[in-house]
Amino acid sequence: MRLSRYFLPILKETPKEAEIVSHRLMLRAGMLRQQSAGIYAWLPLGYRVLMKIQRIVEEEQNRAGAVELLMPTIQSADLWRESGRYEAYGKEMLRITDRHERDMLFGPTNEEMITDIFRSYVRSYKDLPLNLYHIQWKFRDEVRPRFGVMRGREFLMKDAYSFDLDQESARHAYNRMFVAYLRTFDRMGLKAIPMKADTGPIGGDLSHEFIILASTGESEVFLNKDILDLPIPAEDTDFDSDLSPIITDWTTPYAATDEMHDEEAFAAVGDDKQVSARGIEVGHIFYFGTKYSEPMGAKVTNSEGVEVPVHMGSYGVGVSRLMAALIEANHDDDGIIWPMSVAPFHVGLINMKPGSEADEACESLYKQLEAAGVEVLYDDRDTRAGAKFAGMDLIGLPYQVIVGPRGLKTGEVEVKNRATGEREMLSPEAAAEKLIAAVRTQS
RNA sequence: CGGGGCAUAGCGCAGCCUGGUAGCGCAUCUGGUUUGGGACCAGAGGGUCGCAAGUUCGAAUCUUGCUGCCCCGACCA
């Protein structure tokens, strides 16, 4: 992409409403624009990152055996009356009346709708297990939206729903999502820690929040630092095998949010291993048994010919919130530092002097990299060098290539690693090779 | 939902107390000089002062109502 033809409205000054660093940087880097309290337009650069996060989530969901579909944002109130949640959900639910005076709502979540879809088609235990998910905009009319997309009213969420014959197989479905989540966040370069969460009226121990450590996090967390070094399940993990050993490894070291915190158990961890910090919740998995299947009649016939309600679980990832969490975890004074896997572009190519011999060198490098699948943002604008450097650092692409008459005198271009600040002078060929290799290994 | 605050050019702000020609910095446009880490000089364009009503000869400024937004606290992907 040529910057001269792109839409990247970078702000030099920080908008006053932005309190936390991720919100500030998203606004400054031209990724986001607020349209209303807690409601945002995703500008081109922000949208690219959002789609990259979404793709990773999809790949890992698919790998774990979940099947993607897409449900609407607007739902009929009737379904929610069936589950009893239309009255129970309260003011967080945005209620809408259509021209025929029908009660509609902007979905805050989709348990009712997915249960309706399931019960309309599935009759036999032979069709289980089943896990259906979608990635769709949700709306929750928060009392106080804040921190940009960290707590917006409209947000993009992945929500998966599992259907199983009994609690035992539902636990396996749960474990699959647990492993998928470990992999998903790891692929974005995030350390997400599963923590036991409140299960509400259902009880049991099958609910975990996945929390990323960040000083701006909304909740206080306590953990045994051993959990930070646990290995992430590999890409070739067999999701049909017994995953419980992995779950055991990850749930044994102490890790809890403040509402589940147990001082005594935490003390037993030992002073040298205790970590108390703040965290951002980016995922939440939940087993809720027959809470929806029973009232809504989602039943299958089992091997004995008896109709039984299915056991369900739901599994959420805050896709838009992840973008904020990623920036909270990856930035410095100059701006964002994207991990390769979610970077809006892999490389920023800076033409130091348009109209000079740098043009030709840039063009050929640009074409070569793009042809090799490297996503390049080519700054071909005729502006001052300082503005280009500052802008490139701000938007945080993993690598910058600086091409100008000075380096070309010796036939070289400069390659800068945004994260480490490391720079090296290379021939254009060597630079291209290095960048192509870096993109292949890191994304 | 309780408490606090803000609304004036695209962005950041001053002006309001004490009513009288709407201003500053950045950004934008034009010309020139510059050009490897957010340049300089000169000039130009851009405003129903959030909306509505009231007081007044006269309202950005005073009064009332409304709307929007932000911050702190209790609640949530």
Side-chain angles (χ1 to χ4, degrees), chain A residues 9-20 23-24 27-28 30 33-39 53 57 89-93 107-111 133 135-160 181 192 197-198 200 207-212 218-219 257 259 279-286 314-325 333-335 350-356 358 379 381-394 400 402-409 412-414 416 421 423 425:
Chain A
I10 285 179
L11 305 178
K12 223 163 143 180
E13 292 173 82
T14 305
K16 62 170 176 181
E17 76 269 18
E19 277 295 302
I20 63 169
H23 190 199
R24 276 203 300 271
L27 293 171
R28 286 200 53 216
R33 176 177 168 80
Q34 180 169 331
Q35 294 299 144
S36 186
I39 299 176
I53 294 171
V57 171
Y89 215 92
K91 289 189 167 178
E92 294 235 321
M93 186 153 76
T109 178
N110 286 67
E111 278 84 2
Y133 79 99
I135 296 177
Q136 178 62 290
W137 294 93
K138 305 293 188 289
F139 194 94
R140 294 186 191 170
D141 201 357
E142 296 280 347
V143 235
R144 191 183 159 209
R146 62 184 125 172
F147 302 149
V149 296
M150 191 77 88
R151 174 161 306 284
R153 292 196 293 172
E154 186 184 59
F155 58 97
L156 189 60
M157 182 167 97
K158 185 283 299 184
D159 39 326
Y181 278 28
D198 196 355
S207 179
H208 286 89
E209 292 178 1
F210 285 73
I211 305 256
I212 283 162
E218 290 190 272
S219 46
T257 58
E259 64 237 13
I280 301 166
E281 182 183 350
V282 290
H284 196 158
I285 60 178
F286 213 100
S314 77
Y315 315 91
V317 170
V319 174
S320 47
R321 172 182 286 183
L322 264 171
M323 168 124 42
D333 290 345
D334 296 325
I350 298 178
N351 185 337
M352 292 301 296
K353 192 167 183 177
S356 75
D379 190 348
R381 298 167 310 160
D382 187 14
T383 54
R384 303 182 66 80
K388 292 186 179 186
F389 289 134
M392 220 37 114
D393 285 346
L394 175 64
Q400 296 170 19
I402 299 144
V403 179
R406 189 192 279 182
L408 289 175
K409 267 182 206 154
E412 290 176 319
V413 300
E414 184 178 333
K416 174 178 164 184
R423 305 147 178 274
M425 297 300 298

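Chain A is the first sequence line, chain B the second, and so forth, proteins listed ahead of strands; every chain is numbered from 1.
Every residue two or more places apart in sequence or in another chain that forms a side chain to side chain contact (heavy atoms under 4.5 Å, CB included) with A:R381 is listed here: A:L3, A:S4, A:D379, A:T383, A:K388. In terms of the side chain to side chain contact (heavy atoms under 4.5 Å, CB included) criterion, residue partners of A:E412 (sequence neighbours excluded) are, by chain and number, A:T410, A:M425. Take A:F147 and apply the ring-ring contact (aromatic ring centres under 6.0 Å, His included) test, not counting sequence neighbours, and it matches no residue. The side chain to side chain contact (heavy atoms under 4.5 Å, CB included) check on A:A387 picks up nothing, with sequence neighbours excluded. For A:Y181, the ring-ring contact (aromatic ring centres under 6.0 Å, His included) partners at least two apart in sequence or on another chain are A:F185, A:F210. The side chain to side chain contact (heavy atoms under 4.5 Å, CB included) search around A:E13 returns none, not counting sequence neighbours.
Sorted by first and then second residue, the side-chain hydrogen bond (donor to acceptor under 3.5 Å, both in side chains) pairs involving residues 315-325 of chain A (not counting sequence neighbours) are A:S162-A:Y315.
Side-chain polar atoms of A:D393 and A:Q400 form a donor-acceptor pair below 3.5 angstrom.
To the nearest whole angstrom, the two C1' atoms, one in B:A22 and one in B:C41, are 27 Å apart. Of the P atoms belonging to B:C13 and B:C71, the separation is 14 Å, rounded to the nearest Å. B:C6 and B:U63 have their P atoms separated by 13 Å, with the value rounded to a whole Å. Here the separation of B:C16 from B:U61, taken at their C1' atoms, is 4 Å to the nearest Å. The P atoms of B:G38 and B:G45 are separated by 31 Å, rounded to the nearest whole Å. Comparing B:G20 with B:A60, their C1' atoms are spaced 13 Å from each other, to the whole Å.
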Table of protein N/O atoms under 3.5 Å from nucleotides 36-39 of chain B N/O atoms:
from  : atom 1 : to     : atom 2 : distance (Å)
B:G36 : O2'    : A:R406 : NH1    : 3.2
B:G36 : O2'    : A:R406 : NH2    : 2.6
B:G36 : O6     : A:G404 : O      : 3.4
B:G36 : O6     : A:R406 : N      : 3.2
B:G36 : O6     : A:G407 : N      : 3.3
B:G36 : N2     : A:E414 : OE1    : 2.9
B:G37 : O6     : A:R423 : NH1    : 3.4
B:G37 : O6     : A:R423 : NH2    : 2.5
B:G37 : N1     : A:D393 : OD2    : 3.3
B:G37 : N2     : A:D393 : OD2    : 2.4
B:G38 : O2'    : A:K12  : NZ     : 3.2
B:G38 : O6     : A:R28  : NH2    : 2.9
B:A39 : OP2    : A:R384 : NE     : 3.1
B:A39 : N9     : A:R384 : NH1    : 3.4
B:A39 : N7     : A:R384 : NH1    : 3.2

Do any N or O atoms of the protein come closer than 3.5 Å to N or O atoms of nucleotides 67-70 of chain B, and which pairs are they?
from  : atom 1 : to    : atom 2 : distance (Å)
B:C69 : OP1    : A:S36 : OG     : 3.0
B:C69 : OP1    : A:A37 : N      : 2.9
B:C69 : O3'    : A:Q34 : NE2    : 3.2
B:C70 : OP1    : A:Q34 : NE2    : 3.0

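Within the 4.0 angstrom heavy-atom criterion, no nucleotide atom of any strand lies near A:V319. Residue-level contact check: A:G355 touches neither bases nor backbone, having no heavy atom under 4.0 Å from any strand.
In the set B:A77, B:C75, B:C26, B:C75 carries the atom at the smallest distance from any side-chain atom of A:V143.
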